[in-house]
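One-based numbering, in listed order, for ligands and for the atoms of each. Along the sequence shown, residues carry numbers from 1. Hydrogens, waters and symmetry mates play no part in the numbers below; they use all other heavy atoms, side chains included.
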Amino acid sequence: MKHLLLNNSRKIPILGLGTWKAKPGDVGEAVRTALKAGYRHIDCAAIYFNEDEIGQALTDSFNQGICKREDIFVTSKLWIDQKDTVQSALQQSLQDLQLDYLDMYLIHWPVNVKKGVKFGEWDKDSFLPENHSETWAQMESCVQKGLTTGIGVSNYSSKRIEEILKTASIKPAINQIERHPYLQRDELVSYCRSQNIAVTAYSPLGSKDRHPSVKDENEPSLLHNEVVNAVAERNECTAGQVLLNWQIQHGCITIPKSTNAGRLKQNLEAADFSLSEDDMKQLNALEQGFRYVDARFFCPKGSPYTLDILWDGM
Ligand code: A2P
């Protein structure tokens, strides 16, 4: 497996297992199967409500000698109602994941709501102004205390990263963003590169298993795209492998979610071949500015966020 060297001198496997939407009851088995198949990077978050089951699967896998703690890279993310209690939120994730430290802790969204406000139950009075430097200082203190070896952000624009950099003593190591051939984020990726911040691509396969309430019926399918499938046929691989290999060849970390043993295996194998320059060009030409996760759920009536504000023109 190829690795990227992060700006904190840690190496991260370029392909990891995504656990967003992996259901309790399925996710533990998926993690066990993934580790047995050779995955060494697991992407988690408190808001996925499955970290406890992942924790048990990690412990079982360590006990069975499938891998050691130090061989794997585990990420978790700070949810938006915990911005002023970063350490206790991280410690809760550690407890659930049955770990002593994380490899990466990310601020999940540049959105701040009052403590205890549940997902989607926010109204105009739920939102608080962001204080990027204060939250970042708390993230840094978690590194200093050894709770995580790295820190970063997710869904951040270059402008918001600039806000953090004004006062940061530790630079974000990663910006995790939606990225795939329909939404390539060239400017943001270039900006992150210029700052030595690695990019992790989420929804690399189009996240077709999103909840119907946040999904348009007629959204374009990456996996059924004609060009993607023609490239797959030429390379005798699957459409999913084409989409993952495209990320890797662009130097982006990626975290496809699967709870299916066959697809877990084929996704991991996507790191083992190369697409030609011409295949890459054809895939690059698929850009259409289409977001699967447009985060309209943060923009109810009265919310200070609109999609323009949230995405900051990126
Ligand atoms: P499953 O978990 O049953 O494998 P994303 O990573 O973009 O969020 O996409 C995840 C979705 O894509 C899930 O529905 C997952 O289903 C499916 N999926 C994962 N790997 C593949 C693959 N190689 N080919 C087709 N679908 C896949």
inquiry  = Heavy atoms only, cut-off 4.0 Å: how does Gln266 contact ligand 1, side chain, backbone, both, or neither?
reply    = side chain
request  = Give the ring-plane orientation class for Phe119 versus Phe297, where under 30° counts as parallel, over 60° as perpendicular and anything between as tilted.
outcome  = tilted
query = If you measure from each non-hydrogen atom of Pro204 to ligand 1, which part falls under 4.0 Å: side chain, backbone, both or neither?
reply = both
task = Could you establish whether Thr259 and ligand 1 come within less than 4.0 Å of each other, counting only heavy atoms on the residue side?
result = yes
inquiry  = Main chain of Ile197, side chain of Asn7: is a donor-acceptor contact present, judged purely on distance under 3.5 Å?
reply    = no
ask   = At under 4.0 Å between heavy atoms, which part of Leu223 makes contact with ligand 1: side chain, backbone, both or neither?
value = side chain
request  = Would you please indicate if the ring centroids of His180 and Phe290 are separated by under 6.0 Å?
outcome  = no
request  = Could you say whether the N/O atoms of Gly206 and ligand 1 ever approach to under 3.5 Å?
outcome  = yes
inquiry  = Quick check on the hydrophobic clustering: are Leu5 and Val74 connected, directly or via other members, by side-chain heavy-atom contacts under 4.5 Å?
reply    = no
inquiry  = Taking the six-membered ring of Trp20 as reference, does the cationic atom of Arg210 (NZ for Lys, CZ for Arg) lie under 6.0 Å from its centre and within 45° of its axis?
reply    = no
task = Go through ligand 1 atom by atom and flag the ones less than 4.0 Å from a non-hydrogen atom of Asn260.
result = 4 (O)
ask   = Quick one: is the NZ or CZ of Arg69 closer than 6.0 Å to the six-membered ring centre of Tyr101, and within 45° of its axis?
value = yes
message = Counting only heavy atoms closer than 4.0 Å, does ligand 1 sit against the backbone of Gln241, its side chain, both, or neither?
response = neither
Within-cut-off N or O pair, Leu205 and ligand 1, under 3.5 Å = yes
From CA spacing to verdict: ring pair (Phe, Tyr, Trp, His ring centres under 6.0 Å), Phe298, Trp122 = CA-CA 8 Å; Phe298 289 133; Trp122 34 70; 5.3 Å; yes
task = State the atoms of ligand 1, each with its element, that fall below the 4.0 Å cut-off from a heavy-atom position in Pro256.
result = 6 (O)
task = Measure the distance from atom 11 (C) of ligand 1 to every protein heavy atom, then report the residue, atom name and distance (to 0.1 Å) of the closest one.
result = Asp209 OD1, 3.7 Å
inquiry  = Side chains of Ser93 and Asp96: any donor to acceptor distance under 3.5 Å?
reply    = no
message = Counting non-hydrogen protein atoms only, what is the nearest one to atom 22 (C) of ligand 1? Give residue, atom name and distance.
response = Arg263 CD, 3.5 Å
request  = Return the option from Glu269, Lys208, Lys265, Lys23 holding the heavy atom at the smallest distance from atom 26 (N) of ligand 1.
outcome  = Lys208
query = Can you find a heavy atom in the side chain of Gln249 that is under 4.5 Å from one in the side chain of Ser274?
reply = yes
ask   = Side chain, backbone, both or neither: which part of Lys257 has a heavy atom under 4.0 Å from ligand 1?
value = both
inquiry  = Please compare Ser207, Ser203, Ala201 and report which has the shortest non-hydrogen distance to atom 8 (O) of ligand 1.
reply    = Ser207
ask   = Which ligand 1 atoms are under 4.0 Å away from a heavy-atom of Lys21?
value = 8 (O), 10 (C)
request  = Could you check atom 20 (N) of ligand 1 against the protein and tell me its nearest heavy-atom contact, residue, atom and distance included?
outcome  = Asn267 ND2, 3.0 Å
ask   = Does any donor atom in the side chain of Tyr202 or Lys257 lie under 3.5 Å from an acceptor atom in the other side chain?
value = no
